[in-house]
Chemist: 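Please read through the structure below; I'll follow up with questions.
These values consider heavy atoms only, across backbone and side chains, with no hydrogens, waters or symmetry-generated copies. Chain naming here is simple, since letters A, B, ... match the order of the sequence lines and numbering starts at 1 in each.
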2 protein chains.
Amino acid sequence: MSSYDVKKEVTDKYSLRGRVFNKIREDILNGRYKVKEELREVAIGEEMGVSRTPVREAFRQLELEGLIQIVPNKGAYVTGITAKDVRDIYMMRSLLEGLCARWATENISKEQMEEMEENIFLSEFHASKGHAEQMAELDNRFHEIMYEACNSKMLEHALKDYHQYVLRVRKKTLSTQTRSTASNAEHRKIMEAIKEGNADMAEQLANRHMINAYENMVKNGFIEHYEEE
Amino acid sequence: MSSYDVKKEVTDKYSLRGRVFNKIREDILNGRYKVKEELREVAIGEEMGVSRTPVREAFRQLELEGLIQIVPNKGAYVTGITAKDVRDIYMMRSLLEGLCARWATENISKEQMEEMEENIFLSEFHASKGHAEQMAELDNRFHEIMYEACNSKMLEHALKDYHQYVLRVRKKTLSTQTRSTASNAEHRKIMEAIKEGNADMAEQLANRHMINAYENMVKNGFIEHYEEE
DNA sequence: TCTCGTATGATTGTATACAATTATACGAGA
DNA sequence: TCTCGTATAATTGTATACAATCATACGAGA
């Protein structure tokens, strides 16, 4: 539980605390703040023109998000993510994405099914044109559709969490041409299994899809830079 | 889940904020605060003799923990957990406990293996004596040993999260005699599979163990009371 | 009686002030 | 030169004060 994947997202983007939270989060994911860098309350507060109070509250949330670690009476430090952490998350995700595909097969709506088909159609188009930006966007969206279609807010939240978490590492993974094509083909097969109502197949394909994505990352050396310890 | 399951636990139990956090959390899990009850900052602060500041920070964390929901400018409300949520979590846990058993098979240390054997031995003893309290304790510990033995802090954290989360529902589940006996037998089989180095078997047994635990809960009607929506 | 607007109170959001803790610098003594 | 203790500065922890928002009560008008 700690929370668990049930935790709420920071929805009030318009409160100072929400804005601070999102800004720091983004800066960490973007790599502006390096691993083990110390975040000072006053500095961030001054930068955004707010007092320490909303900054501190944002820190507490970021700690539970796993992005920073707060040492009592000392400070807040950006947490690292090891290569093994990434591997573990992908293995966990693999199982849960499989479960998600299974539940999506049982619960997907007509509209969601259509959006998924459209997504794949568009992906194949942009792949043929070499549009990396749109490809990444569509890839994310494909998984989101599946998360929504599985009809479980617990599972959806867990998967979104994992997805967010590995974003730090993943960034430009999809930009290789060969992986893009393979990924599209895998998406299509998953979609077809869902459409046919073949839950076993959908689960198995989604399983494999995650593992393939991970192995591609390893092969192209996208992980090592983030190693620590 | 926010993060993800990677988020930190609240470790500084000795800060006011940490104490407030743990107290509120416990009160929610214990059922002192009912679902949808509104938590007021001043009231809780006065009760514990602290100001609003540490209470507010604790609230932010509890929100990400999924125990409360904060509506901007309105208040903090205890979140409910539906029967479907519990079911979903158990299905997710089933998969991840299986993975955990697999990794434990590959990574367990000699000391951990011995503690696990001792745990089972003690469990069977207390079962024969009908000591419900110790049984529950040992059951929790069995899973913790496996979490530690899997040698993955990501997976360990995720599983501890889920475990904590369903504690609200589970409470006295194990107290039925028949389930206690069956649970012990399942633990023993998992342990033996790990000891023999049979990862596939360990995974499969741990999978099934979770599902059995869930089905037992349903059969005995431990869930319905927590339903909402 | 019902509806709606206003006023009042309650509660949260943020800023600031002060206390406690930790880090750093510097100098005395060996 | 090195070590260690003290003083000072910097930073976090908590309390309080004020601002903004929301809920409630009440009364005027229809």
Chemist: Return no unless some side-chain N or O of A/Thr53 is found under 4.0 Å from OP1 or OP2 of C/dT14.
Modeler: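 So the side chain of A/Thr53 is outside the cut-off, no N or O lying under 4.0 Å from OP1 or OP2 of C/dT14.
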
Chemist: Check B/Glu26 with B/Arg19, please: is the shortest side-chain N to carboxylate O separation under 4.0 Å?
Modeler: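 No, this pair does not count.
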
Chemist: For A/Gln61 and A/Arg25, which I'm curious about, is there any donor-acceptor pair between the side chains at under 3.5 Å?
Modeler: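 Distance-only check fails for A/Gln61 and A/Arg25.
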
Chemist: When the distance from CD of A/Glu38 to P of C/dT22 is rounded to whole Å, what number comes out?
Modeler: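 Rounded to the whole Å, the gap is 14 Å.
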
Chemist: Taking A/Glu38 first and then A/Lys74, would you say they form a salt bridge - that is, a charged N and a carboxylate O separated by under 4.0 Å?
Modeler: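 Not counted as a salt bridge, because no side-chain N and carboxylate O are separated by less than 4.0 Å.
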
Chemist: For DNA chain C, what string of dots and brackets results from 5' to 3' when Watson-Crick and G-U pairs need both distances under 3.5 Å, crossing pairs get [ ], and pairs with another strand get |?
Modeler: ||||||||||||||||||||||||||||||

Chemist: Whether A/Glu144 and A/Lys160 form a salt bridge (side-chain N of Lys/Arg under 4.0 Å from carboxylate O of Asp/Glu) is what I want to check.
Modeler: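 Judged by the 4.0 Å cut-off on N to carboxylate O distance, A/Lys160 and A/Glu144 do not form a salt bridge.
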
Chemist: Considering every strand and a 4.0 Å limit on heavy-atom distances, what is the contact class for A/Val50: base, sugar-phosphate, or nothing?
Modeler: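 Result for A/Val50 = sugar-phosphate.
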
Chemist: How many whole angstroms separate atom CZ of A/Arg17 from atom P of C/dA15?
Modeler: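 Going from CZ in A/Arg17 over to P in C/dA15 covers 13 Å.
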
Chemist: Which atom pair, heavy atoms only, marks the closest approach of B/Ala206 to B/Glu97?
Modeler: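 Result for this residue pair: CB-O, 3.6 Å.
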
Chemist: Rounded off to whole Å, could you give me the CD1-to-C1' distance for the A/Ile70 and D/dT14 pair?
Modeler: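 So the two atoms are 15 Å apart, to the nearest Å.
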
Chemist: Classify B/Arg56 by what it touches in the nucleic acid, base, sugar-phosphate, or nothing, heavy-atom distance under 4.0 Å.
Modeler: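 It contacts base atoms.
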
Chemist: To the nearest Å, how far apart are B/Glu41 CD and D/dT14 C1'?
Modeler: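 Distance, rounded to whole Å: 14 Å.
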
Chemist: When you measure from the side chain of A/Asp139 to the backbone N and O of A/Met135, does any donor-acceptor pair fall under 3.5 Å?
Modeler: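 Side chain of A/Asp139 to backbone of A/Met135: no pair is present.
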
Chemist: Quick one: label B/Arg40 by what it contacts on the DNA or RNA (base, sugar-phosphate, nothing), any heavy atom closer than 4.0 Å.
Modeler: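 Since only primed, P, OP1 and OP2 atoms lie under 4.0 Å of B/Arg40, the category is sugar-phosphate.
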
Chemist: Specify the residue among B/Glu57 and B/Arg52 whose closest nucleotide of DNA chain D lies further upstream toward the 5′ end.
Modeler: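 Nearest nucleotide further toward 5': that of B/Glu57.
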
Chemist: How many Å lie between CG on B/Leu16 and P on C/dA20, as a whole number?
Modeler: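 Going from CG in B/Leu16 over to P in C/dA20 covers 12 Å.
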
Chemist: Can you tell me the distance, in whole Å, between the CD atom of A/Glu46 and the C1' atom of D/dA10?
Modeler: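 In whole Å, D/dA10 C1' and A/Glu46 CD are 13 Å from each other.
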
Chemist: In plain terms, say whether B/Arg87 and B/Glu215 are close enough for a salt bridge, that is, a side-chain N and a carboxylate O under 4.0 Å apart.
Modeler: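 No, B/Arg87 and B/Glu215 are not salt-bridged.
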
Chemist: Measuring to OP1 and OP2 of C/dT12, would you say a side-chain N or O of B/Arg60 lies under 4.0 angstrom away?
Modeler: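 Answer no for this pair, as no side-chain N or O of B/Arg60 is under 4.0 Å from OP1 or OP2.
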
Chemist: Strictly below 4.0 Å, N to O, side chains only: are B/Glu57 and B/Arg60 in salt-bridge contact?
Modeler: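 Result for this pair is no, no salt bridge flagged.
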
Chemist: Given atom CG of A/Leu39 and atom C1' of D/dT12, what is their separation to the nearest angstrom?
Modeler: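 After rounding, the gap between these two atoms is 14 Å.
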
Chemist: Between B/Asn140 and B/His163, do the side chains contain an N or O donor and an N or O acceptor separated by less than 3.5 Å?
Modeler: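 The criterion, which ignores hydrogens and geometry beyond distance, is satisfied for B/His163 and B/Asn140.
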
Chemist: Any protein N or O atoms within reach of nucleotides 20-23 of chain D? Criterion: under 3.5 Å, listing atom names and distances.
Modeler:
{"residue": "D/dA23", "atom": "OP1", "partner": "B/Lys74", "partner atom": "NZ", "Å": "3.2"}

Chemist: Whole angstrom is fine here: how far is it from CE in B/Met48 over to P in D/dT14?
Modeler: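 Taking atom P of D/dT14 as the reference, CE of B/Met48 is at 11 Å.
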
